> 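Dumping the structure here so I can ask a few things about it.
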Amino acid sequence: MDKSKKRVVEYLDKILADSEKAAPEDLLFSYKGILYPTTVCSPETCQALDSFEARSDDVILVGYPKNGSNWLGQVLNDLEITAAKYTEQEINERMNISNELLILPRLEFGDPEKFKRMKELPSRRIIVTHLSPQVLPKSIFKSKAKILLLVRNPKDTAVSYFHFYNNMPTLPSFSSWDEYFTAFMHGKLCWGSYFDYLVEWNKHMDDENIMVITYEELKENQTLGLKKIADFFGFFVSGEEIQMVAEKSSFEAMKEKSFKTHGTFGKILFRKGTVGDWKDHFSEAQNKQMERKFEECLAGTKLGEKMKYGVYCKA
Ligand SMILES: Nc1ncnc2c1ncn2[C@@H]1O[C@H](COP(=O)(O)OS(=O)(=O)O)[C@@H](OP(=O)(O)O)[C@H]1O
């Protein structure tokens, strides 16, 4: 394993080990009414977000936690590498610079000084974040950088986040699914409410620089999804190249390599990678509650229509 990758894996392993020792009440902090994990974020970094200077050719991936951002993050990196026709040496250099400057590839992770260091990253930068539009650095909207919004149905998101919360030492555990479900429905989780997040993004549905893709459509036809993404960002890649990127980023391929890419964290992150796991978790009453909430927040909106609640969430 090369040195910079090893450093990232060691860093991730250290975060997990340190958080095992932390008291549950020290694991989270609140910034502007939203919870974040102390191990990877800080109030200082949140406060410094506006010092990030977006470029018009930045590739921005936004998505609520557990909507598949590690998957699409890899896809976008591979599309950029393939389209730009970098040599092996250039690919390694890019990765080393990025690993050294950022360590962890989320806009809101790390120290507040990272936004200055990010100026040294070569274009096109792939920027991944769970932040909602109100807290995103203002320069992202001003620069007209293209934004890909990745959305997963609320029920599978809830289930994935439940297992993540209970398996990640960096997050406090819940004593039961029912207790967790109430927290999810009230947005008492890191990065806040799933529904508030999408209601805010729905206000941007007519922005020309935003495209929405769903986890479910990618699972159904990854090649087609990748082609749409490549066209949107202007990555010039052939059908064969898209196929190669798709194969490399299948759940199985990413899970198999996860120890090398993410260390111990890999086992927690690459859990099932399926659509419909919620059927083993939701009670009748919870199905009804979720449907009411969807009706209240997203049904009939542009974003709500794209999510196909009737196909993926009806009991
Ligand atoms: N390649 C690929 N294909 C399909 N699904 C994938 C893939 N990679 C990750 N995943 C699944 O995405 C879920 C994790 O989402 P995130 O990467 O956004 O997690 S995080 O919020 O950044 O921690 C999590 O979902 P669950 O398995 O349902 O928990 C991952 O397994």
Side-chain angles (χ1 to χ4, degrees), residues 8 12 15-16 19 34-37 39-41 60-79 102 104-110 126-132 148-171 177 180 184 189-194 197-198 213-226 229 242-282 312-313:
V8 173
L12 279 167
I15 288 175
L16 293 189
S19 45
I34 297 209
L35 294 171
Y36 297 93
T39 40
V40 283
C41 301
I60 316 270
L61 172 66
V62 297
Y64 187 77
K66 314 323 290 175
N67 278 216
S69 57
N70 279 276
W71 178 17
L72 270 249
Q74 172 169 316
V75 163
L76 291 171
N77 259 307
D78 284 352
L79 286 175
L102 301 179
L104 290 179
R106 290 284 177 282
L107 189 62
E108 60 272 35
F109 287 2
I126 314 293
I127 314 258
V128 186
T129 177
H130 299 309
L131 294 172
S132 52
L148 179 64
L149 169 60
L150 172 62
V151 183
R152 189 179 192 182
N153 78 69
K155 290 182 168 181
D156 283 330
T157 300
V159 169
S160 177
Y161 215 0
F162 169 62
H163 291 290
F164 195 68
Y165 249 85
N166 276 6
N167 292 330
M168 274 296 276
T170 56
L171 298 171
W177 159 255
Y180 162 83
F184 181 89
L189 299 175
C190 288
W191 284 278
S193 153
Y194 169 95
Y197 180 89
L198 291 184
I213 195 117
T214 66
Y215 183 97
E216 294 75 22
E217 72 177 292
L218 282 164
K219 282 298 283 188
E220 266 168 34
N221 191 340
Q222 197 181 176
T223 315
L224 182 63
L226 263 52
I229 294 171
I242 288 203
Q243 196 54 41
M244 270 165 54
V245 172
E247 279 165 25
K248 244 183 94 185
S249 64
S250 73
F251 178 75
E252 293 70 25
M254 287 187 74
K255 190 178 172 71
E256 200 181 308
K257 277 188 82 180
S258 67
F259 191 70
K260 272 195 191 150
T261 52
H262 294 76
T264 320
F265 173 60
K267 251 198 238 148
I268 302 171
L269 182 68
F270 299 95
R271 192 186 61 93
K272 271 199 164 173
T274 55
V275 177
D277 195 25
W278 61 267
K279 290 178 187 150
D280 291 333
H281 293 73
F282 275 65
Y312 297 110
C313 288

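As the structure is a prediction and not an experimental result, all values here were calculated from the model. Hydrogens, waters and symmetry mates are skipped; everything else that's a heavy atom, side chains included, is used. In each ligand, atom 1 is the first atom listed, and ligand 1 is the first ligand listed.
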> For a side chain to side chain donor-acceptor pair (under 3.5 Å) check, start with the C-alpha distance between Thr129 and Glu108, then their side-chain angles and the critical distance, and finish with the verdict.
CA-CA 7 Å; Thr129 177; Glu108 60 272 35; 2.8 Å; yes

> What do you reckon, does Ser249 have a nitrogen or oxygen under 3.5 Å from a nitrogen or oxygen of ligand 1?
yes

> Report yes or no: does Phe164 have a heavy atom closer than 4.0 Å to ligand 1?
yes

> For Gly68, state whether at least one heavy atom is located under 4.0 Å from any atom of ligand 1.
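Distance cut 4.0 Å: Gly68 passes for ligand 1.
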
> Assess Lys66 for proximity to ligand 1: is some non-hydrogen atom of it under 4.0 Å away?
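It does, in that a heavy atom of Lys66 comes within the 4.0 Å cut-off of ligand 1.
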
> Examine the proximity of ligand 1 to Ser250 and report which part, side chain or backbone, both or neither, has a heavy atom under 4.0 Å away.
backbone

> Quick one: does ligand 1 sit under 4.0 Å from the side chain of Lys255, the backbone, both or neither, non-hydrogen atoms only?
neither

> Does anything in residues 158-171 pair up under side chain to side chain donor-acceptor pair (under 3.5 Å), and if so which pairs, sequence neighbours excluded?
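Only His163-His281 qualify under side chain to side chain donor-acceptor pair (under 3.5 Å).
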
> Any nitrogen or oxygen of Arg271 lying under 3.5 Å from a nitrogen or oxygen in ligand 1? Just yes or no.
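N/O-N/O distance below 3.5 Å exists for this pair.
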
> I'd like to know if Arg152 contacts ligand 1, where contact means a heavy-atom distance under 4.0 Å to any ligand atom.
yes

> Has Asp156 got any heavy atom lying under 4.0 angstrom from an atom of ligand 1?
no

> Is the shortest heavy-atom distance from the side chain of Leu198 to the side chain of Tyr64 under 4.5 Å?
no

> Taking 4.0 Å as the limit for heavy-atom contacts, which would you say applies to His130 with ligand 1: side chain only, backbone only, both, or neither?
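Contact part for His130 vs ligand 1: side chain (C-beta onward).
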
> How does Val159 reach ligand 1, if at all, at less than 4.0 Å between non-hydrogen atoms: by side chain, backbone, both, or neither?
neither

> So, Asp277 and Arg271, do they make that salt bridge, N to O below 4.0 Å?
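Salt bridge: yes.
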
> Does ligand 1 have an atom under 4.0 Å from some heavy atom of Gln74?
no

> Any nitrogen or oxygen of Phe265, main chain or side chain, under 3.5 Å from a nitrogen or oxygen of ligand 1?
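N/O-N/O distance below 3.5 Å does not exist for this pair.
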
